[in-house]
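In what follows, a single structure is set out as structure tokens and then discussed.
By convention in this document, chain letters (A, B, ...) are assigned in the order of the sequence lines, proteins followed by strands, and residues within each chain are numbered from 1.
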Amino acid sequence: MRRTLIVELKNFINKDVKVQGWVQTIRDQKEVQFIVVRDHTGLIQFVLERSKNAKLAEEVSNLTTESAVTLIGRVVENPIVKLGGFEVQLHDLRVESSASLPLPFDLFGRVQPELDKRLDWRFLDLRQPNNFFIFRVQTTLEMGMREYWYSQGFIEIHSPKLMGSESESRAELFKLEYFGKTAYLAQSPQLYKQMAMAAGFDKIFEIGPVFRANPSFTSRHDTEFTSVDVEISWIDSHEDVMSFEEKWIQHAFSLLKERHGEEIFEKNDVEIKVPSIPFPRITMKEAIEILRKQGYMPPPDKKGDLDPQGERLLCEYVKNNYGHEFVFLKDYPVAVRPFYHMRYENDPLTTKSFDLLWKGLEITTGAQREHRYDVLTKQALEKGLRLEPIQFYLDFFKYGCPPHGGFGFGLTRTLMGLLNLKNVREVTYLYRGPNRLYP
RNA sequence: GGGGGCGUAGUUCAGCUGGUUAGAACGCCGGCCUGUCACGCCGGAGGUCGCGAGUUCGAUCCUCGUCGCUCCCGCCA
């Protein structure tokens, strides 16, 4: 007999079915027993009158919640049943894998355990439909992104995560032993995705892991996370990159709203807003002026950048004055950007760069890249970098590299915003942080 | 790395300016219950109060140290 998913059972009234899933609740009464079973599509009640099958009734009495079971029975309409107005009369039961009791925590209790406890037992935590739902949303979001890339002729790449040399900022690199040498885990595909431009790939994307050796203890940082990267050739400036990104986000959000908008609203109490184009653009100079007028002074040690509080205030300002959730904050000072960001010809202290802020959070950093070998080399030296470890990278620009730019986009931070969750750990399949390497 | 907050039953929490057998809800175990659906009723088990030291006649409570968790800042996606 083939398995029937719980969501399909309504089409099998008065038919025999096989259901496979987890025991969520057992209501074991003297004359009649009820089992509520869950699979990834829903819940269904099974019923057994003890007098009809004493042996089976005994098996039901011995069930434990969260055991993995196969159940066979006949679907019958029953308006009394609150769970959909029908139920399944139990004919047979097989325990595939019993759950020992007590469980580490009550999966469907009135209150959730602390996040840390849930992460210790992530596989149980993810049995909860609301948590499973996060990954359905993630799948659709990535699908939306891919649809748009594919329609625009982008190529997908998978760059290596093992690197032979320190690249941009050595401080945040994980070091590891590599056959007697030292290797590093990539903190970004930055250098390798630019190679695709030198290789003539024209437009590329990558969705993959990145590693940051920062001891960051916040709700929005992890030491390993999924980065979404894009790089585009033959651009005129970072404006072209921004206008790509806003269309791309609009497309992905619109698919997400269509597929899951209602369910997200029900489950997470937040509306998916498909953003209008163009997104507001504000230069860093303007942003600081705006915040000053509101009485907020960015800390002087930020060298012309905003702190998280400033970013939250700016988002609030844009929401109130432009009616928009997103804002491109652009033209950052050279001091706070890496050596490969291109600078303005007529304003050498300003880079052709941007961040994308959404709901108070940085979700993107992007820029036009410096593609001129001599200028790039000069900027690297200026930033105090040694050329030798990055010579392989500098070589990309020695033999004909088109002007290009791109961005890195934080998938988990975006999911947080989409689902109104307050911690990246919630939306990360298995979180990795300074104090967590298990499970 | 700097700062704040929190560690009490399996889970979430309460515990009075320091006082005798440390409580509740849910979960778990046993019994009862003809249709439950947050099932209900009766009973039970379960705690080195994170750990160590100090103050005190007496510490879950006050002090110090330590470990763990959490949030903010720094760093960034």
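By the neighbour-count criterion of 12 heavy atoms within 6.0 Å, atom OH of A:Tyr296 is densely surrounded, having more than that number from other residues, nucleotides or ligands. Other residues, nucleotides and ligands contribute only 12 or fewer heavy atoms inside 6.0 Å of the CZ atom of A:Arg94.
Neither OP1 nor OP2 of B:A77 sits under 4.0 Å from any side-chain N or O of A:Thr226. In terms of phosphate contacts, A:Thr365 brings a side-chain nitrogen or oxygen within less than 4.0 Å of OP1 or OP2 of B:A77.
The residue A:Phe217 sits close to a base: some heavy atom pair falls under 4.0 Å. At a threshold of 4.0 angstrom between heavy atoms, the contacts of A:Pro215 include nucleobase atoms, whether or not backbone atoms are also involved. In this structure, A:Arg220 reaches the bases: a heavy-atom distance under 4.0 Å links it to at least one base atom across the strands shown.
Residues passing the ring pair (Phe, Tyr, Trp, His ring centres under 6.0 Å) test with A:Phe328 are A:Phe279, A:Phe354, sequence neighbours excluded. Judged as a ring pair (Phe, Tyr, Trp, His ring centres under 6.0 Å), and not counting sequence neighbours, A:Tyr192 has no contacts. With sequence neighbours left out, the side chain to side chain contact (heavy atoms under 4.5 Å, CB included) criterion links A:Pro102 to no other residue.
Contact check of residues 115-147 of chain A against RNA chain B (heavy atom, cut-off under 4.0 Å) returns A:Asp116, A:Lys117. Less than 4.0 Å separates RNA chain B from at least one heavy atom of each of the following residues of residues 75-93 of chain A: A:Asn78, A:Ile80, A:Val81, A:Lys82, A:Glu87. Within residues 419-439 of chain A, the residues having any heavy atom closer than 4.0 Å to RNA chain B are, in order of number, A:Asn423, A:Arg425, A:Asn435. Within residues 25-41 of chain A, the residues that have a heavy atom under 4.0 Å from RNA chain B are, in order of number, A:Thr25, A:Arg27, A:Asp28, A:Gln29, A:Lys30, A:Glu31, A:Val32, A:Phe34. Listed by residue number, the members of residues 305-316 of chain A with any heavy atom below 4.0 angstrom from RNA chain B are A:Asp307, A:Pro308, A:Arg312.
Side-chain contact between A:Ile155 and A:Asp202 is absent, with no heavy atoms from C-beta onward closer than 4.5 Å.
Counting only residues at least two apart or in different chains, salt bridge (Lys or Arg N to Asp or Glu O under 4.0 Å) contacts with residues 403-427 of chain A comprise A:Arg118-A:Glu426. Applying the salt bridge (Lys or Arg N to Asp or Glu O under 4.0 Å) test to pairs two or more places apart or on separate chains, those with a residue in residues 74-83 of chain A are A:Asp16-A:Arg74.
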Could I get a table of every N or O pair under 3.5 Å where one atom is in the protein and the other is in nucleotides 26-30 of chain B?
unit_1	atom_1	unit_2	atom_2	d
B:C26	O2'	A:Asp106	OD2	3.2

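Heavy atoms only, all atoms of each residue included: A:Pro434 and A:Asn214 are closest at CG-O, 4.1 Å. The nearest pair of heavy atoms linking A:Val230 to A:Lys193 is O-NZ, 3.3 Å. Residues A:Leu56 and A:Asp92 share a closest heavy-atom pair of CD2-N, 4.1 Å. For A:Phe133 against A:Leu419, the heavy-atom pair with the smallest separation is CE2-CD2, 4.4 Å.
Taking only distance into account, the side chain of A:Gln45 meets the base of B:U36 through a donor-acceptor pair shorter than 3.5 Å. You won't find any donor-acceptor pair under 3.5 Å spanning the side chain of A:Thr218 and the base of B:C71, going by distance alone.
Under the stacking criterion of a centre-to-centre distance below 5.5 angstrom and an interplanar angle below 30°, A:Phe225 sits stacked against the six-membered ring of B:A77.
The aromatic rings of A:Phe205 and A:Phe154 sit tilted relative to each other, their planes meeting at an angle between 30° and 60°. A parallel orientation is assigned to the rings of A:Phe244 and A:Trp248, their planes being inclined by less than 30° (bins at 30° and 60°).
Pairs of Watson-Crick or G-U wobble type, with distances under 3.5 Å, assemble into runs of 3 or more in RNA chain B at these ranges: B:1-7 with B:67-73, B:10-13 with B:23-26, B:28-32 with B:40-44, B:50-54 with B:62-66.
In this structure a side-chain-to-backbone donor-acceptor pair under 3.5 Å is missing from A:Gln250 to A:Val274.
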